[in-house]
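Small disclaimer: the values here were computed from a predicted structure and weren't measured.
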Amino acid sequence: MISLTGLRKVYPGRGGQQVVALDGIDLDVPRGGVHGIVGESGAGKSTLIRCLTALEQPTSGTVAIDGVALSGLGERELRRQRRRIGMVFQHVNLLDGRTAAQNVAYPLRVAGASRGERAERVRELLDLVGLAGRGDAYPSQLSGGQKQRVGIARALAAEPAVLLCDEPTSALDSDTTRQILGLIRDVRDRLGLTVLIITHEMGVVREVCDSVTLLDRGRVAQSGSIAEVAGDHGSRLARALVSLPPEPAAAGRVTLEVSFAGEVPTGRVLAAVAAVEDVDVSSGTIETLAGRRVGRLRVVVPSATAADAAARLRAVGVHVEEVA
Ligand SMILES: Nc1ncnc2c1ncn2[C@@H]1O[C@H](COP(=O)(O)OP(=O)(O)OP(=O)(O)O)[C@@H](O)[C@H]1O
Ligand SMILES: [Mg+2]
């Protein structure tokens with residue numbers, strides 16, 4: 001499991017001004033969990049990953065993997081602990097002059113595995129990622145998704161306990177993205193890995209994550225299981241997970257966003273909406289996320305009666321917010 005406690009990273013900035021990249025992060029990802037990290041550019045996502053791989057020394061706080069704190073380890077121990085972490089990147093960076101099998105074998109060679117051990121393990125790994133029989137192909141002969149599969153096999157070669165994925169699907173089309181996310185879940189299921197995925201796509205979080213953290217300027221703005229954050233009406237993650245297209249209301253009218261979860265029967269919500277005078281529904285979705293039904297509707301009402309409409313809707317137990 002991954003455990004961050006009070007993690008803080010301050011970079012010395014230009015002209016003596018310090019940059020607080022991480023400002024006291026507490027985060028626990030249980031063994032076997034797939035956890036997403038989202039946040040705007042500069043929020044601290046990459047810094048967090050670099051602290052996890054010990055490429056970066058935290059200013060204070062601790063990073064522990066399976067209960068072993070990274071700080072205070074000697075050089076040898078640190079190398080061993082690093083091998084317990086596999087990394088998958090947006091750009092796979094395979095060695096072009098080597099075959100898929102040789103790329104996967106590379107970390108095994110570094111770790112000192114014998115030729116026989118390597119051959120067998122590489123075959124297993126290529127099999128695991130759905131590339132059985134493609135070991136002799138060179139990167140130039142593989143599609144983007146296949147290259148990412150090789151990258152995942154390579155990351156798994158040293159039998160890591162943790163897989164860190166930094167934007168693993170950002171360079172892929174949507175079908176391939178789905179396949180690669182399916183593969184990540186599959187290897188998690190089979191190998192019991194703990195997975196951390198950095199992404200800017202909420203679709204990735206919905207598809208593969210059990211839980212998610214929103215970073216904002218180096219702090220945890222929101223964190224929880226998908227069911228928890230989706231049900232936290234009006235929260236930033238709930239909105240991002242189930243988003244609706246913005247559509248400005250006409251003059252004299254305002255848009256109310258109605259959010260609800262499975263506790264309120266859908267029929268009751270729709271009946272309450274229908275009972276609002278001169279109402280229009282501009283968009284909406286009702287879906288099941290992590291086994292929990294969540295819904296969101298944008299209803300357009302006359303400005304003059306908006307407050308009254310919002311109060312009537314709230315009375316059935318939904319969350320109502322005026323949106324621009
Ligand atoms: N080596 C460094 N020296 C100084 N400041 C840094 C360094 N690395 C990152 N920062 C600063 O720390 C903050 C967090 O950066 P980080 O790269 O972790 O963000 P990020 O969430 O990964 O962003 P992006 O989505 O753009 O990749 C930013 O303000 C950045 O400018
Ligand atoms: Mg980054």
Side-chain angles (χ1 to χ4, degrees), residues 2 29 32-41 43 45-46 48-49 52 85-94 96 100 103-104 125-132 134 137 139-157 160 162-215 225-227 229-230 236-245 285 287-292 294 296:
I2 301 170
V29 184
V34 180
H35 189 85
I37 304 271
V38 299
E40 286 176 10
S41 183
K45 306 182 295 294
S46 295
L48 188 101
I49 286 248
L52 266 166
I85 303 172
M87 288 279 308
V88 174
F89 305 94
Q90 175 176 1
H91 300 290
V92 191
N93 282 330
L94 299 177
D96 286 328
N103 269 283
V104 176
L125 286 161
L126 288 174
D127 215 19
L128 179 70
V129 300
L131 285 179
R134 296 305 306 274
S140 62
Q141 299 168 314
L142 297 172
S143 69
Q146 288 169 334
K147 279 188 229 175
Q148 192 53 287
R149 286 173 192 271
V150 176
I152 292 171
R154 181 182 56 185
L156 297 175
V162 171
L163 193 63
L164 301 181
C165 308
D166 195 351
E167 300 278 1
T169 58
S170 298
L172 305 174
D173 64 48
S174 58
D175 277 350
T176 314
T177 291
R178 210 161 303 127
Q179 288 166 13
I180 292 296
L181 296 178
L183 174 62
I184 290 173
R185 269 200 98 90
D186 187 45
V187 296
R188 185 281 303 265
D189 291 345
R190 291 207 214 177
L191 308 177
L193 293 170
T194 306
V195 182
L196 201 67
I197 300 187
I198 289 194
T199 182
H200 68 276
E201 296 163 289
M202 287 312 276
V204 168
V205 174
R206 291 185 50 146
E207 185 102 9
V208 72
C209 294
D210 303 312
S211 53
V212 60
T213 292
L214 171 66
L215 281 189
S225 71
I226 301 298
V229 299
R236 284 166 68 183
L237 282 173
R239 281 160 171 271
L241 277 169
V242 182
S243 66
L244 295 176
T285 173
E287 50 198 300
T288 303
L289 258 186
R292 180 174 193 160
V294 292
R296 179 159 298 154

Exercise. What closest approach, in Å, do Gln148 and Pro168 show between heavy atoms, and which atom pair accounts for it?
Worked result: NE2-O, 2.9 Å
For this session: Please name all residues satisfying side chain to side chain contact (heavy atoms under 4.5 Å, CB included) with Leu142, sequence neighbours left out, ordered by chain then number.
Result: Ala100, Arg134, Ala137, Gln146, Lys147, Val150
For this session: To the nearest 0.5 Å, tell me how far Asp186 CG sits from Ile180 CD1.
Result: 11.5 Å
Exercise. Taking all atoms of both residues into account, what is the closest heavy-atom pair of Val92 and Gly151, and its distance?
Worked result: CG1-CA, 3.6 Å
For this session: Mind listing the closest non-hydrogen atom pair of Pro139 and Leu94 along with its distance?
Result: CG-CB, 3.9 Å
Exercise. Which atom names give the shortest non-hydrogen contact between Gly32 and Thr194, and what distance separates them?
Worked result: N-OG1, 3.2 Å
Problem set entry | Results of side-chain hydrogen bond (donor to acceptor under 3.5 Å, both in side chains) for Asn93 - residues two or more places apart only | none
Exercise. Given Val212 and Val38, is the side-chain contact (heavy atoms from CB on, under 4.5 Å) satisfied, shown in steps?
Worked result: CA-CA 7 Å; Val212 60; Val38 299; 4.2 Å; yes
Exercise. With Glu207, which residues qualify under side chain to side chain contact (heavy atoms under 4.5 Å, CB included), at least two apart?
Worked result: Arg178, Leu181
Exercise. Partners of Glu287 by salt bridge (Lys or Arg N to Asp or Glu O under 4.0 Å), sequence neighbours excluded?
Worked result: Arg206
For this session: Could you pull out all residues at least two apart from Arg149 that satisfy salt bridge (Lys or Arg N to Asp or Glu O under 4.0 Å)?
Result: none
For this session: List the steps and the verdict of side-chain contact (heavy atoms from CB on, under 4.5 Å) for Val208 and Val195.
Result: CA-CA 10 Å; Val208 72; Val195 182; over 6 Å; no
Exercise. SG of Cys165 to CD1 of Ile198: how many Å apart, nearest 0.5 Å?
Worked result: 9.5 Å
Problem set entry | Residues in side-chain hydrogen bond (donor to acceptor under 3.5 Å, both in side chains) contact with Asp210, at least two apart in sequence or another chain | Arg185, Arg188
Exercise. Can you name the side chain to side chain contact (heavy atoms under 4.5 Å, CB included) partners of Ser211, sequence neighbours left out?
Worked result: His35
For this session: Mind listing the closest non-hydrogen atom pair of Ala230 and Leu289 along with its distance?
Result: CB-CD1, 3.8 Å
For this session: Mind checking salt bridge (Lys or Arg N to Asp or Glu O under 4.0 Å) for Asp189 and listing every partner two or more places apart, or none if nothing turns up?
Result: none
Exercise. With Thr176, which residues qualify under side-chain hydrogen bond (donor to acceptor under 3.5 Å, both in side chains), at least two apart?
Worked result: Asp173
Problem set entry | Which atom of Pro160 lies closest to which atom of Leu193, heavy atoms considered | O-CD2, 2.9 Å
Exercise. Does His200 have any side-chain hydrogen bond (donor to acceptor under 3.5 Å, both in side chains) partners at least two apart in sequence or in another chain, and if so, which?
Worked result: Glu167
Seminar exercise, completed: Sorted by chain and residue number, the side chain to side chain contact (heavy atoms under 4.5 Å, CB included) partners of Arg292 (sequence neighbours excluded) come out as Ala227, Ala261, Glu263, Val294
